[in-house]
Asker: 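My structure is below; once you've seen it, I'll send some questions.
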Amino acid sequence: MRIEKTITLAVKRFFTEKSLPEPDSSLIQLQKTRKEFEGDLTLVVFPLVRLMKMSPAEAGLVLGNYLKELPGISDFNVIKGFVNLVVKSSYWIDFVNESAGDSNYGYHEYTVDRETVLVEFSSPNTNKPLHLGHIRNNLLGNSLTRIFEANGKDVKKVNLVNDRGIHICKTMLAWEKWGNNMRPVDAGKKGDHFVGDLYVMFEKAYRNEIERMVEKGMNEEEARREASLIKEAREMLRKWEAGDPAVVELWNKMNGWVYEGFDVTYERLGVSFDKIYYESDTYHKGKEIVGEGLKKGLLIKKEDGSIWADLTHRGLDEKLLLRSDGTSVYITQDLGTAVMRQEDYNAGKMYYVVGNEQDYHFRALSLILEELGYAWAQNIEHISYGMVELPSGKMKSREGKVVDADNLIDEMIQTAGKLSEELGKLEGLSCEEKESIVRVIGMGALKYFILKVDPKKNMIFNPEESIDFNGNTGPFIQYTHARIRSLLKKAEQTGIVANSAGAADFQLSKKETGVSALLHEFPQVVAEAGKTCSPAIIANLIYELAREYNQFYHDHPVLKEENCDIRNYRIHLSTLTGEVIKKGMALLGIEVPDRM
RNA sequence: GGUUCCGUAGCUCAGCUGGAUAGAGCAACAGCCUUCUAAGCUGUGGGUCCCAGGUUCGAAUCCUGGCGGAAUCACCA
């Protein structure tokens, strides 16, 4: 049994034996002992003193003496109202020796009726290549699916591509006007970049046209509406909705280019999906649902024909669902998508990884679904993450102040390559091996930099700091893993084998217990990360573990240790640390090399 | 203006279901490679936890009110 559980049960038993009222589990507060005190786990007695009718000091002493008799506890001390418990070295040694090599360590079992959980992430528009904001989204979504899996869920990864609307028509129009019938290959560009450039071209020309009209005395709002370019784009949208074959063909062609480009970026990010939904498919369903809701009298139709959901009694406003001309808005297709997904998967939970700018939207979405009578609406959870900003402020596509995903990935890998070269780390490896390791390091740096921050918070992405490979970074953790692998390889080569048989007992050093205790925490942190939808807490633990292990490694011989019980334990400690780093990083979607 | 979120070291971030003297990394400075990878390790300096009240044995953490910042409240997505 885990030591925390043993202690909690013992505290309860203490109260029963003394005929005192048994304390609620929430009153038994165990925490890590702070570094400056002797001990491993600390019981806070303040919440218990009322039940015991003693002073904190007395209560601490009594409880400490009682708990000291437990098999896993060797000693204790009381400071103020804190009982610092010293866990026996043998407990840590047994734990480490048993867990090393256990491929399931840290993962959580599932029962026969395994819950299906759906995670939507990425959700790009097809008029622009992916940028830094999408990277955070993709990395978070991908990592969360792995974390949910580790917690025993059957996870379905889904993407919702916004492939229709006026913005796509703008790129189509731009291609017709200025594309010279070129394909991305002709321009030597990735498909998504090719189309994105056309979009920028359109916006530029559109702005120019507005300016000219304003110079001639028109007010800006009118010019924005009346410019010939936007009229043409709108006309194209109308034709698309009417199913005009030529327009649909062009639409298919250009979206195809974009998807080819996205596929490359997804591949590099290590992201994939079980199913991709397209807005052009789901918005029909959304319209249907709205129609049914109206028939049932659950929605309101206004005089101009527009259809609304009344959410005023739920603390929100009225929400538009269909325009007066009968066309759908953003939320219409989200309603359709949600219903389609429920039909497809019947998931126990539907997560949406979407930026916090859409908090209001998702509140409205689940409320509307509830209003429409879908009981599963309460299974919807918006995983809301913060914006990514640059040191110079917000990213603004209009000012060209965006960090392009592909460029960023290239730069990270280049930097990793340059550094590896300078440090002479990869001498004697083949080109392919070098390339692969450099890619793993560069991507590790990028992914870790983003995932170590609490998803809920806005973050600042400083390109200079992100390519730093020292300190709290992905490469630091990867390096620790590589060191361990190298150590274990050496053990193998020299015939030093760790045997798993036989209990051992000797005094562990401070660092040894430190590493052991962090390894011991891993399973709870995996569970906690699943509950709170936060890869960051896994990143924090893995970092702390790597740091602690490096300190241990610095002043404890492993293979050269002569006492074989101690050597045995240290090899197991290294093995388990390597495994937990590898697993933890895998939960973040980060690979770890055996050499670097 | 309403609603929601945020404010911790020069910078980037931990810590927040109340617990001990608030921690890391970066940056600065000073050390450690004949020993399992120095992408490592050790040390030094650095704080009005935005401000003011309140709740209590105890508040960075909870409550109220300010100040500062962000998002959102579209017949945009």
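Numbered from 1 within each chain, the chains take letters A, B, ... in sequence-line order.
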Asker: Using the side-chain heavy atoms of A/Ile460, tell me which of these nucleotides is nearest: B/A38, B/U12, B/A77.
Answerer: B/U12

Asker: A/Asn550 has a side chain; which of B/C36, B/U72, B/C41 sits nearest to it?
Answerer: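 It is B/C41.
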
Asker: Considering just the side-chain nitrogens and oxygens of A/Ser486, establish if one lies under 4.0 Å of OP1 or OP2 belonging to B/C36.
Answerer: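 A/Ser486 to B/C36 OP1/OP2: no side-chain N or O under 4.0 Å.
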
Asker: Would you measure the distance from the C1' atom in B/U8 across to the matching atom in B/G69 and give it in whole Å?
Answerer: 16 Å

Asker: For a quick test of reading the model, state the closest non-hydrogen atom pair linking A/Lys231 to A/Arg225 and the distance between them.
Answerer: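 Between these two residues, the closest heavy atoms are CG-O, 4.3 Å.
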
Asker: For A/Cys169 and A/Ala233, which heavy atoms make the closest approach, and how far apart are they?
Answerer: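 The answer is CB-O, 3.7 Å.
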
Asker: Taking the P atom of each, how far is B/U37 from B/A28, in whole Å?
Answerer: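 About 29 Å, rounded to a whole number of Å.
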
Asker: Which one is paired to B/A30, where only Watson-Crick or G-U wobble pairs with both distances under 3.5 angstrom count?
Answerer: B/U42

Asker: Can you tell me how far P in B/G23 sits from the matching atom in B/U48, rounded to whole Å?
Answerer: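 These two P atoms come out 15 Å apart once rounded.
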
Asker: Side chain of A/Asp317 only, please: which of B/U37, B/C73, B/G7 is the nearest?
Answerer: B/C73

Asker: For B/C57, give the paired nucleotide (Watson-Crick: N1-N3 plus N6-O4 or O6-N4; G-U: N1-O2 and O6-N3; both under 3.5 Å), or none.
Answerer: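 Across any shown strand, B/C57 pairs with B/G19.
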
Asker: Identify whether the glycosidic angle of B/C62 places it syn (within 90° of 0) or anti.
Answerer: anti

Asker: Do A/Glu235 and A/Arg238 pass the salt bridge (charged side-chain N to carboxylate O under 4.0 Å, His left out) test, and can you show the C-alpha distance, the side-chain angles, and the key distance before you say yes or no?
Answerer: CA-CA 5 Å; A/Glu235 174 58 14; A/Arg238 199 196 57 74; 3.1 Å; yes

Asker: Hey, what's the ring geometry for A/Tyr352 with A/Phe362, parallel, tilted or perpendicular (30° and 60° as the breaks)?
Answerer: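 Correct class here is tilted.
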
Asker: When rounded to the nearest Å, what value does the distance between C1' atoms of B/C51 and B/A60 take?
Answerer: 14 Å

Asker: List in chain and number order the residues that pass ring pair (Phe, Tyr, Trp, His ring centres under 6.0 Å) with A/Phe121, two or more places apart in sequence or in another chain; answer none if no residue qualifies.
Answerer: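 Partners of A/Phe121 under the ring pair (Phe, Tyr, Trp, His ring centres under 6.0 Å) test: A/Phe273.
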
Asker: Does A/Thr480 or A/His167 map to a spot on RNA chain B nearer the 5' end, using the closest nucleotide for each?
Answerer: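 Result of the comparison: A/Thr480.
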
Asker: Check whether any side-chain nitrogen or oxygen of A/Arg363 sits under 4.0 Å from OP1 or OP2 of B/U3, and answer yes or no.
Answerer: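 Answer no for this pair, as no side-chain N or O of A/Arg363 is under 4.0 Å from OP1 or OP2.
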
Asker: With under 30° as parallel and over 60° as perpendicular, where do the rings of A/Phe449 and A/Phe461 fit, or are they tilted in between?
Answerer: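 The arrangement is perpendicular - the two ring planes meet at more than 60°.
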
Asker: Excluding sequence neighbours, so at least two apart, what forms ring pair (Phe, Tyr, Trp, His ring centres under 6.0 Å) with A/Phe522?
Answerer: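 For A/Phe522, no residue satisfies ring pair (Phe, Tyr, Trp, His ring centres under 6.0 Å) once neighbours in sequence are set aside.
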
Asker: Across all strands shown, which nucleotide pairs with B/U64 by Watson-Crick or G-U wobble geometry, both distances under 3.5 Å?
Answerer: B/A52

Asker: Could you work out which one of B/C57, B/A71, B/G19 sits closest to the side chain of A/Lys394?
Answerer: B/A71

Asker: Is there a side-chain contact between A/Glu411 and A/Ile467 (heavy atoms, below 4.5 Å)?
Answerer: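 Of all side-chain heavy-atom pairs linking A/Ile467 with A/Glu411, none is under 4.5 Å.
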
Asker: Quantified in whole Å, what is the P atom distance between nucleotide B/C49 and nucleotide B/G65?
Answerer: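 It comes out at 23 Å once rounded to the nearest Å.
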
Asker: Using the P atom in both, what is the distance from B/G19 to B/C63, to the nearest Å?
Answerer: 14 Å

Asker: Could you give the distance separating B/U4 and B/U12 at their P atoms, to the nearest angstrom?
Answerer: 27 Å

Asker: Between B/C73, B/A24, B/G40, which nucleotide gets closest to the side-chain atoms of A/Tyr360?
Answerer: B/C73

Asker: Looking only at heavy atoms, which two atoms of A/Leu321 and A/Thr332 are closest? And how far apart?
Answerer: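 So the two residues come closest at O-OG1, 2.5 Å.
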
Asker: From B/C13, B/G19, B/C36, pick the nucleotide closest to the side chain of A/Pro47?
Answerer: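 Nearest nucleotide to the side chain: B/G19.
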
Asker: Under 4.0 Å from OP1 or OP2 of B/G40: is there any side-chain N or O of A/Asn470 that close?
Answerer: yes

Asker: If only side-chain N and O atoms of A/Gln551 are considered, is one of them under 4.0 Å from the OP1 or OP2 phosphate oxygen of B/U42?
Answerer: yes

Asker: Does A/Arg323 put a side-chain nitrogen or oxygen below 4.0 Å from OP1 or OP2 of B/A77?
Answerer: yes

Asker: For A/Lys560 and for A/Lys457, locate the closest nucleotide of RNA chain B by heavy-atom distance; then report the residue assigned to the nucleotide nearer the 5' terminus.
Answerer: A/Lys457

Asker: Pick the C1' atom in B/G54 and in B/A71, then give their distance to the nearest Å.
Answerer: 30 Å

Asker: Could you identify the nucleotide paired to B/U3, looking across every strand shown and requiring Watson-Crick or G-U wobble geometry with both distances under 3.5 Å?
Answerer: B/A71

Asker: Show the distances under 3.5 angstrom between N or O atoms of the protein and N or O atoms of nucleotides 20-23 of chain B.
Answerer:
unit_1 : atom_1 : unit_2  : atom_2 : d
B/A20  : OP2    : A/Arg34 : NH1    : 3.0
B/A20  : N6     : A/Thr42 : OG1    : 3.0
B/A20  : N6     : A/Asn84 : OD1    : 2.9
B/A20  : N1     : A/Asn84 : OD1    : 3.2
B/A20  : N1     : A/Asn84 : ND2    : 3.4
B/U21  : OP1    : A/Lys80 : NZ     : 3.4
B/G23  : OP1    : A/Arg34 : NH2    : 2.7

